[in-house]
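Have a look at the structure below, then the notes.
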Amino acid sequence: MFDTIVMKASYVSIAFENWNSLKPIIKTYLDEEMGLRRRSFVLHDEKIPYITYQEWSQSLIVQVSIPKFLYGNNVKLLQDKDIIVFFHRMRLGIRLYVDPATSWLN
């Protein structure tokens, strides 16, 4: 059985108007190799504890415990049907942060 998963989606447009109300932590650093400024935005949502958006690569990274996301704890043993429910609810939860024009969410 697995518990925590990390998902990464590339070429994601962010709906920043939604993020501003959630007060993201903005991390900025200088990429010395490229000589460019890089920014990432970190959110801590109630249901999804780790959400990061890397502006330079347009990547959205989500780390979440499936049982905790679905049931509020890590004690419940997952069934096969739980995985389908998880991805459906995750897609709905991510819609709050991603620009509606992003085709993979439709």
Side-chain angles (χ1 to χ4, degrees):
M1 183 181 106
F2 57 92
D3 175 81
T4 300
I5 63 169
V6 178
M7 298 180 292
K8 180 178 180 181
S10 299
Y11 308 110
V12 175
S13 297
I14 291 298
F16 283 105
E17 61 275 3
N18 295 341
W19 279 47
N20 290 334
S21 65
L22 296 169
K23 299 179 178 65
I25 297 169
I26 301 170
K27 296 182 178 182
T28 305
Y29 71 94
L30 179 63
D31 182 340
E32 293 180 14
E33 183 178 320
M34 300 294 288
L36 299 172
R37 181 179 60 116
R38 306 285 191 186
R39 289 193 315 173
S40 63
F41 302 84
V42 180
L43 287 178
H44 292 283
D45 183 85
E46 185 177 308
K47 294 285 277 181
I48 308 168
Y50 182 85
I51 303 170
T52 300
Y53 180 71
Q54 297 173 339
E55 186 178 53
W56 68 93
S57 63
Q58 294 182 315
S59 298
L60 184 69
I61 302 165
V62 175
Q63 180 176 327
V64 65
S65 163
I66 296 175
K68 191 162 187 170
F69 180 80
L70 292 176
Y71 304 109
N73 63 57
N74 287 344
V75 179
K76 181 148 171 87
L77 187 63
L78 294 175
Q79 305 294 318
D80 289 343
K81 64 180 176 65
D82 293 328
I83 305 301
I84 295 167
V85 172
F86 165 75
F87 280 107
H88 175 71
R89 289 186 187 169
M90 178 59 66
R91 191 178 84 225
L92 294 176
I94 292 296
R95 284 182 184 213
L96 297 173
Y97 310 112
V98 177
D99 188 330
T102 303
S103 62
W104 56 267
L105 283 174
N106 297 327

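Here the structure is a predicted model, which means the values were calculated and not measured.
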N74 to P67 - nearest heavy-atom pair and separation: CA-CB, 4.1 Å
Any donor-acceptor N/O pair, Y53 side chain to V12 backbone, under 3.5 Å: yes
Non-neighbouring partners of R38 that pass side-chain hydrogen bond (donor to acceptor under 3.5 Å, both in side chains), sequence neighbours left out: D31
In one Ile/Leu/Val/Met/Phe/Trp/Tyr side-chain cluster, 4.5 Å: I51, F86: yes
Heavy-atom pair of closest approach, residues F69 and R89: CE2-CB, 3.6 Å
Cluster check V64, I83: I/L/V/M/F/W/Y, side chain < 4.5 angstrom: yes
Minimal non-hydrogen separation, D82 against L70, with atom names: O-CD1, 3.5 Å
Single-linkage hydrophobic cluster I48~L60, side-chain heavy atoms < 4.5 angstrom: yes
Joint cluster assignment, I5 & Y71, ILVMFWY side-chain distance < 4.5 Å: yes
Minimum heavy-atom distance between L30 and R37, given as atom pair plus value: CD1-N, 4.2 Å
Counterpart residues, side-chain contact (heavy atoms from CB on, under 4.5 Å), relative to S57 (two or more places apart): Q54, S59
Distance-minimising heavy-atom pair for R39 and I26: CD-CG2, 4.2 Å
Considering all heavy atoms, the nearest M7-F87 contact: SD-CE2, 3.6 Å
